[in-house]
Amino acid sequence: MKPARFDYVRAETLAQVHAVLAAEGGDARVIAGGQTLLPMLSMRLARPKVVVDIMRLPELAEIAGDGENIRIGAAVTQQQLLAWPELARTVPLLAAALPWVGHAQTRSRGTVCGSLAHADPSAEIPLALLALEGTLELSSRRRRRVPAAQFFTGLMSTARADDEMIEAAIFPCRRAGHGYAFQEFGRRHGDFAIVACAAVAHARGIRLAVGGVADRPIARDYSDIDGAALDDALDEFAWQLDARDDLHATASYRRGLVRRLGRATIEEARRCRA
Amino acid sequence: MPRLSAEARHRVAFQLNGRPVAAEAEPRMLLTDFLRHTLGMTGTHVGCEHGVCGACTVQIDGVPARACLTLAVQIEGAQVRTVEGLGPEPGRLSVLQEAFRRHHALQCGFCTAGILMSLDYYLRANPDPGEAALREFLGGHLCRCTGYVPILAAALDAARRLREPPPHA
């Protein structure tokens, strides 16, 4: 398993990245930590003509908070974010979700934005961004912001145009009176999630996002329901996710997990609110 | 802006186990192959070659990383440490390696180099690790011989010895 041939650009400025992407479009791929791109290259599921390395751009290596949001640059690794002392206080959902991402040995190089770009349906970081209603900052010669709900468009596909890169991810900070929880079920810790849930509880209701079932993470907002009403809502959500059988679990098993793990995550988020 | 062409080999200069080295690599060459085939450093093993098994784990700029998920050209200017750099001098083992021998923490040894590079980092970052945290951390490596129990024992033993003050000369 060796990658096919490609040119390699060690970008020194953002303008250089944009120029390569503008010239090569879909034949170019941005590499940051490489923890998902390298397997794709080695298995030849991706065969770009040129790979652009963005890890030497200091402006992409920043985590910046303004009280409302934190902005995570494209070169920030998952480990750097986990080690950021403000994380648990400012974005508790991310602090809970990140330890589930791969292993310590891949989080050391894997980036937050790389995981968003790859858009694996069972990945934790896209799920957390969707649950928190975060946004992506895409840049080319233009610049635009795309809400998470519009960014993930299907199985490993996103609203990013061929000439765009993800420059940063914007995660809303914890809000007063809100509770956050993340739970995941997999065969072994570090495996892909069979089902992962992220919940936000607030005074008017709850938001639940589910990963690992549909072709992308999906979120639903509910009023402050409980008991049988919540069971019914979760059952309906589980069916709407259109689970499929695969090697890891049957569709029915996944629906069962959405009902139980969904409820457990909502209950944990409500406890965190209190 | 440096653009390295796919067809050619390009000079990659970096620090390997504390010494400056330079060699040539095509852009598509993985760090595993660069270390083993180009530089002859065969201590780093290649298992699954897609980041799952952990056999190829090395340290890049002080943190554990899968060499098979790294391009050789990405490590230009970096500090890379491999299992060959663990012993304090030729013919001597590190405290961690000694503990592995004492506890029979390897049988076939294929996974060992990667696990040593991970644990060497971990014990420096966490001198007094809990067993649960160590188990979690070791989850990033596959070992099909030992069942992990002796690896865990060796890691805890090494951590304890590394915490002890050095004996008086």
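Note that the structure is a prediction, hence the values are computed from the model and not measured. First the proteins, then the strands, lettered A, B, ... as listed; each starts at 1.
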Chain A interface, residue from [options] that has the most non-hydrogen pairs under 4.5 Å:
options	result
I60(B), V52(B), D61(B)	I60(B)
L30(B), V63(B), L69(B)	L69(B)
G77(B), C48(B), P27(B)	P27(B)

Hey, could you give me the [atom1]/[atom2] distance between [X] and [Y], rounded to the nearest 0.5 Å?
X	Y	atom1	atom2	value
E26(B)	K2(A)	CD	NZ	12.0 Å
T57(B)	H103(A)	OG1	NE2	10.0 Å
F6(A)	L71(B)	CZ	CG	4.5 Å

Among V52(A), T36(A), I31(A), residue most engaged with chain B (heavy-atom pairs, under 4.5 Å): I31(A)
Go through E24(A) and R3(B) one step at a time and tell me if the salt bridge (charged side-chain N to carboxylate O under 4.0 Å, His left out) criterion holds. CA-CA 13 Å; E24(A) 315 269 352; R3(B) 178 166 179 146; 3.1 Å; yes
Looking at every non-hydrogen atom in both residues, tell me the closest pair between [X] and [Y] and how far apart they are.
X	Y	value
A65(B)	S108(A)	CA-OG, 4.2 Å
L38(A)	C68(B)	CD1-O, 4.1 Å
D7(A)	A6(B)	OD1-N, 2.6 Å

Under 4.5 Å from a heavy atom of chain B, the part of [X] involved:
X	value
A4(A)	backbone
L37(A)	neither
M43(A)	side chain

Would one find more than 12 heavy atoms of other residues, nucleotides or ligands at under 6.0 Å from atom [atom1] of [X]?
X	atom1	value
R102(B)	CZ	yes
R144(A)	CZ	yes
R260(A)	CZ	no
R163(B)	CZ	yes
F110(B)	CZ	yes
R160(B)	CZ	yes
R5(A)	CZ	yes

Donor-acceptor contact below 3.5 Å, side chain R10(A) vs main chain Q74(B):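 Judged by distance alone, no pair lies under 3.5 Å.
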Do any N or O atoms from the side chain of R28(B) and from the backbone of P3(A) form a donor-acceptor pair under 3.5 angstrom?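 Checked: pair present.
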Any side-chain heavy-atom pair of E76(B) and R56(A) under 4.5 Å: yes
With side chains defined as the heavy atoms from C-beta onward, is the minimum distance between E12(A) and P2(B) less than 4.5 Å?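 Contact flag for E12(A)/P2(B) side chains = yes.
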Evaluate the criterion side chain to side chain contact (heavy atoms under 4.5 Å, CB included) for residue pair R109(A) and T70(B); output intermediate values, then yes/no. CA-CA 9 Å; R109(A) 289 185 57 91; T70(B) 308; 3.7 Å; yes
Ignoring hydrogens and angles, state whether a donor on the side chain of Q105(A) or S118(B) is under 3.5 Å from an acceptor on the partner side chain.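 There is such a pair (donor and acceptor under 3.5 Å, judged by atom type) between the side chains of Q105(A) and S118(B).
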